[in-house]
Amino acid sequence: MSRQATLDTFFAVR
Amino acid sequence: MFEARLVQGNLLKKVLESLKDLLTEASWDCADTGIQLQAMDNSHVSLVSVQLRADGFDKFRCDRQLSMGMNLTSMSKILRCAANDDIITIKAQDQADNVTFVFESPNQEKVADYEMKLMNLDQEHLGIPETDYAAVIKLPAAEFQRIIKDLSQFGESVVISCTKEGVKFSAAGDIGVGNIKLAQTASVDKEEEAVTIEMQEPVTLTFACRYLNMFTKATCLAPQVTLSMSPEVPLVVEYKIGDMGHVRYYLAPKIED
């Protein structure tokens with residue numbers, strides 16, 4: 001099974 | 001004072017069509033360099049980044065930076081009142097709480113203006129790291145749209161796999177399996193029909209069809225789309241907006257547990 005990642009994991013809040 | 005006039009007003013109409021399914025509201029950040037928008041969808045799975053450079057407008061004036069928060073559904077409704085060949089001007093006073101859209105017919109015989117309330121949006125901006133992507137695929141935008149539409153019938157996800165031989169799109173579900181392979185084109189009459197692949201290393205990633213389908217709403221903007229992929233990082237789907245900027249979509253991959 002795969003799960004949907006979110007962008008928060010990859011991009012930091014500026 | 002902010003004022004931006006675009007003779008090719010239909011570009012703006014198309015930009016809105018490419019955003020409105022993914023975002024309900026967003027801020028347009030205006031500066032003397034141009035207009036930018038960056039926003040994530042509610043679930044934080046995808047992000048849209050739009051750039052419209054000042055030099056792409058026929059007239060551009062922005063005395064001080066301003067952030068115009070807009071309901072994109074409303075903005076889209078207003079832009080649908082503009083004809084495809086209308087000249088569009090966006091105007092706002094400094095610290096105004098509304099924005100005006102002016103639509104002029106090419107012969108100047110019809111002029112319409114629509115005023116819309118601005119919103120105070122507390123939006124966080126994300127820093128997107130500079131990435132050298134392992135694979136950069138350029139293909140006709142209509143072809144990409146067709147592939148995603150076709151494979152969406154099979155399952156919720158599409159696997160995009162890029163190797164030296166070409167790029168493969170696959171989906172699997174209850175009714176069966178679908179695979180579409182595109183090889184790099186050897187020679188084409190028209191540049192916009194080409195499939196080109198620049199690859200440092202093979203990459204395979206899985207993405208949700210739902211988002212890819214929403215990205216393809218931008219197909220009307222450009223003849224070609226660029227897909228940039230690296231292992232375990234978000235996909236970038238880019239459409240050029242004439243020669244004045246781009247719409248870029250970022251999509252987080254699906255990850256094996």
Checklist line | Rounded distance [0.5 Å steps], CG in B:Asp41 versus CG in A:Leu7 | finding: 7.5 Å
Check: Under 6.0 Å between the ring centres of B:Tyr250 and A:Phe10?
Finding: no
Item checked: B:Glu156 CD: over 12 foreign heavy atoms closer than 6.0 Å -> no
Margin query: Just checking B:Asn42: does its CG atom have more than 12 heavy atoms from other residues, nucleotides or ligands closer to it than 6.0 angstrom?
Written below: no
Item checked: Pairs where residues 198-221 of chain B contributes a residue and the test salt bridge (Lys or Arg N to Asp or Glu O under 4.0 Å) is met, not counting sequence neighbours -> B:Asp21-B:Lys217
Check: Which heavy-atom pair separates B:Pro253 from A:Gln4 by the least distance, and what is that distance?
Finding: O-NE2, 3.5 Å
For residues 22-33 of chain B, dump all side-chain donor-acceptor pairs below 3.5 Å to protein atoms at least two apart in sequence or in another chain.
| unit_1 | atom_1 | unit_2 | atom_2 | d |
| --- | --- | --- | --- | --- |
| B:Asp29 | OD1 | B:Ser67 | OG | 2.8 |
| B:Asp29 | OD2 | B:His125 | NE2 | 3.1 |

Note to self: Can you tell me if B:Lys20 has over 12 outside heavy atoms packed within less than 6.0 Å of its NZ?
What the structure shows: yes
Margin query: Below 4.5 Å, heavy-atom pairs only: which of B:Ala208, B:Ser43, B:Ser46 has the largest tally toward chain A?
Written below: B:Ser46
Next item on the list: Considering only heavy atoms and a distance below 4.5 Å, find which of B:Ala252, B:Pro129, B:Ser157 pairs most often with chain A.
Entry: B:Ala252
Next item on the list: Drop me the distance from B:Met40's CE to A:Asp8's CG, to the nearest 0.5 angstrom.
Entry: 5.0 Å
